Amino acid sequence: MAERGRGWARAVRGLLLDVNGVLYDSGAGGGVPIAGSVEAVRRIKASGLKLQLCTNETQATRESFARKLRALGFDIAVSQVTAPAPAACHLLRERSLRPHLLVHHDLVPEFAEVDKTNPNCVVLGDAAENFTYANLNEAFRLLIGMEKPVLISLGKGRYYKETDGLKLDVGAYMKALEYACDIQAEVVGKPSKRFFESALAELGVPPEQAIMIGDDIVNDVGGAQQCGMRALQVRTGKYSRRLQWSIPSGGAFLNACPLQNTELHQLVQPLAALMNSIPKENHFISVKMQMRVLKCAVERAQLGQLHNLSFTRNFLFLKHRFLLSAGLFPVAKCPPGSLVLQGVLSDCSH
């Protein structure tokens, strides 16, 4: 069983990293790097793993964004950034769509070669100060006047973190237009499966050989899982203990401390062993044994040296019940007052 986990670890060839809230916090003056993140990126690249930034950044072109990251100390090329705007331009050309843009003014150059005359769709990005009532109402009027309204949103995040606090993200305004026009937006960006697939294509590895790392439990972790990847949530950026249980069903994730403390290139093998060396049998264990179970799982996976780990599976709090799922087998029903561990190691029950 342990050999099977090591085999999976050896197959890992690349990492997808979210940026805002993982590598840096945006804000005035270009933002600030999260402590230790520059060194973390350097170590990941030195480890031989492929690296691609998978971001919903829509306040700058890819070129400007990569330039800002380099100014902050990150060794990142434009080709290592997967962002929604280029994907949206491809979609617009593919479907002969002419957008009305409600985006940040610094993002407009990305759409320079797209026909914008006589709009037949609306493209919505993180417009920041451009999210005025007048601009939103103009977008609403265009959509409501279309026979078949098309709203394309560059992501669906609820909020993000800047140096001076949390900010509403594009998803809040997307929902307002959806509600007003009685339509459903097409999302280009995380958590779209197509967007993750394009990031993996640029990374050059299949989903089973990559790990996604981000601060958003739904758009980063959940989106990656829907694409067949494993995912890791960090506690920096907009991480919230209150929201960490919102993870969609299916897949496993690791909830860890800030990126710089996880030694990601050393984490891959023990994480894989912990996730994949579990037998298929289900065991029902008293809640009182939960700490013993977790301690045993950590020891058996040789993760004892990683003291910054706080959770080792996809935990869902359901009233007084805990569900610990490896994400590899169907979820069993959870009896009241019990801990269900999918495939708990047999010696935990002794």
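Since we're looking at a predicted model, the values are computed, not measured. Residues take their numbers from the sequence shown, with the count starting at 1.
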### Message
Within the 3.5 Å criterion, strictly below it, is a donor on Asp215 or Thr236 matched to an acceptor on the partner's side chain?
### Response
no
Using atom types as modelled, flag every donor-acceptor pair under 3.5 Å from a side chain in residues 64-78 to any protein atom, sequence neighbours excluded.
unit_1	atom_1	unit_2	atom_2	d
Ser64	OG	Thr61	OG1	3.1
Ser64	OG	Arg67	NH2	3.2
Lys68	NZ	Tyr24	OH	2.9
Arg70	NH1	Ile76	O	3.0
Asp75	OD2	Lys45	NZ	3.3

#### Entry: Pairs satisfying ring-ring contact (aromatic ring centres under 6.0 Å, His included), at least one member in residues 95-154, at least two apart
Phe131-Tyr173
### Query
Should Leu102 and Val188 be counted in the same cluster of Ile, Leu, Val, Met, Phe, Trp and Tyr side chains packed under 4.5 Å apart?
no
### Summary
Those residues at least two apart in sequence (or on a different chain) that pass side-chain contact (heavy atoms from CB on, under 4.5 Å) with Asp164 are Glu162, Lys167
### Summary
Here the gap from Ile183 atom CD1 to Met174 atom CE, rounded to the nearest 0.5 Å, amounts to 10.0 Å
### Task
Kindly indicate whether the side chain of Thr58, heavy atoms from C-beta on, has any atom under 4.5 Å from the side chain of Glu110.
no
### Contact summary for Ala128 and Gln59, nearest pair of heavy atoms
CB-NE2, 3.8 Å
### Verdict with supporting geometry, Glu186 and Arg95, side-chain contact (heavy atoms from CB on, under 4.5 Å)
CA-CA 13 Å; Glu186 300 179 38; Arg95 293 166 52 183; 2.6 Å; yes
### Message
Taking Leu154 as the starting point, is it possible to reach Phe196 by hopping between hydrophobic residues whose side chains are less than 4.5 Å apart?
### Response
no
#### Entry: Interatomic distance, Glu178 atom CD to Leu151 atom CG [nearest 0.5 angstrom]
6.5 Å
### Main-chain N/O of Gly21 paired to Lys238 side chain as donor or acceptor, under 3.5 Å
no
### Task
Tell me, with the steps shown, if Leu124 and Leu177 meet side-chain contact (heavy atoms from CB on, under 4.5 Å).
CA-CA 10 Å; Leu124 191 68; Leu177 290 174; 4.2 Å; yes
### Closest approach of Lys116 to Leu101 (non-hydrogen atoms, all atoms of both residues)
CD-CD1, 3.6 Å
### Query
Taking the side chain as C-beta and beyond, is there a heavy-atom pair between Val19 and Glu57 under 4.5 Å?
no
## Note on the structure
OG of Ser37 to CG of Leu23, rounded to nearest 0.5 Å, is 5.5 Å
### Message
Taking the side chain as everything from C-beta on, heavy atoms only, tell me whether Arg98 gets closer than 4.5 Å to Val114.
### Response
no
### Any donor-acceptor pair under 3.5 Å from Glu113 side chain to Cys89 backbone
no
### Task
Give a yes or no answer on whether the side chain of Arg13 reaches the backbone of Lys50 with a donor-acceptor pair at less than 3.5 Å.
no
### Query
Do Ile211 and Met229 have side chains that get closer than 4.5 Å, going by heavy atoms?
no
### Query
Would Arg158 and Asp216 pass as an ion pair if we require N to O under 4.0 Å?
no
### Task
Starting at CG of Leu17, measure out to OG1 of Thr55 and round the result to the nearest 0.5 Å.
11.0 Å
### Message
The test is side-chain contact (heavy atoms from CB on, under 4.5 Å); show your working for Ile152 and Val150 and say whether it passes.
### Response
CA-CA 6 Å; Ile152 298 171; Val150 177; 4.0 Å; yes
In a table with atom names and distances, give each donor-acceptor pair under 3.5 Å that connects a side chain of residues 198-205 to protein atoms at least two apart or in another chain.
unit_1	atom_1	unit_2	atom_2	d
Ser198	OG	Phe195	O	2.6
Glu202	OE1	Gln52	NE2	3.1
Glu202	OE1	Thr82	OG1	2.4

### Query
His90: what forms a side-chain contact (heavy atoms from CB on, under 4.5 Å) with it, not counting sequence neighbours?
Glu94, Arg194
### Message
Give me the atom names and distance for the closest heavy-atom approach of Cys181 to Ile144.
### Response
CA-CD1, 4.0 Å
### Message
With a 4.5 Å cut-off on side-chain heavy atoms, are Arg42 and Glu39 touching?
### Response
yes
### Task
Using distance alone, with no hydrogens and no angle criterion, decide if Tyr160 and Asp126 have a side-chain donor and acceptor under 3.5 Å apart.
yes
#### Entry: Side chain proximity check, Pro191 to Gln226, heavy atoms < 4.5 angstrom
no
### Query
Val81, Val41: one ILVMFWY side-chain cluster at the under-4.5 Å cut-off?
yes
#### Entry: Nearest atoms (heavy-atom pairs only) where Leu49 meets Gly14
CD2-N, 4.1 Å
### Query
Take atom CZ in Arg93; do more than 12 heavy atoms of anything else shown fall under 6.0 Å from it?
yes
### Same cluster (ILVMFWY, side-chain, under 4.5 Å), Val22 and Val32
no
### Task
Measure the CD-CG distance between Gln80 and Leu53 for me, rounded to the nearest 0.5 Å.
6.5 Å
### Message
Return the CG to CG distance between Asn120 and Leu97, rounded to the nearest 0.5 Å.
### Response
5.0 Å
### Task
Mark yes when over 12 heavy atoms from residues, nucleotides or ligands other than Lys175 sit less than 6.0 Å from its NZ; otherwise mark no.
no
### Task
Would you name the heavy atoms of Asp220 and Gly214 that are closest together and state the gap between them?
OD2-CA, 3.4 Å
### Task
Check whether Val123 and Leu91 end up in the same hydrophobic cluster, where Ile, Leu, Val, Met, Phe, Trp and Tyr are linked by side-chain heavy atoms less than 4.5 Å apart.
yes
### Message
Between Leu92 and Cys121, is the side-chain contact (heavy atoms from CB on, under 4.5 Å) condition met? List the steps.
### Response
CA-CA 9 Å; Leu92 293 169; Cys121 71; 3.8 Å; yes
### Query
Does the side chain of Lys156 come within less than 4.5 Å of Val170's, by heavy atoms?
no
### Query
Between Pro99 and Pro119, what is the shortest heavy-atom contact and its length?
C-CB, 4.0 Å
### Query
Does the side chain of Asn20 reach to within under 4.5 Å of the side chain of Lys161, using non-hydrogen atoms?
no
## Note on the structure
Across all chains, not counting sequence neighbours, the side-chain hydrogen bond (donor to acceptor under 3.5 Å, both in side chains) partners of Asn135 are Thr132
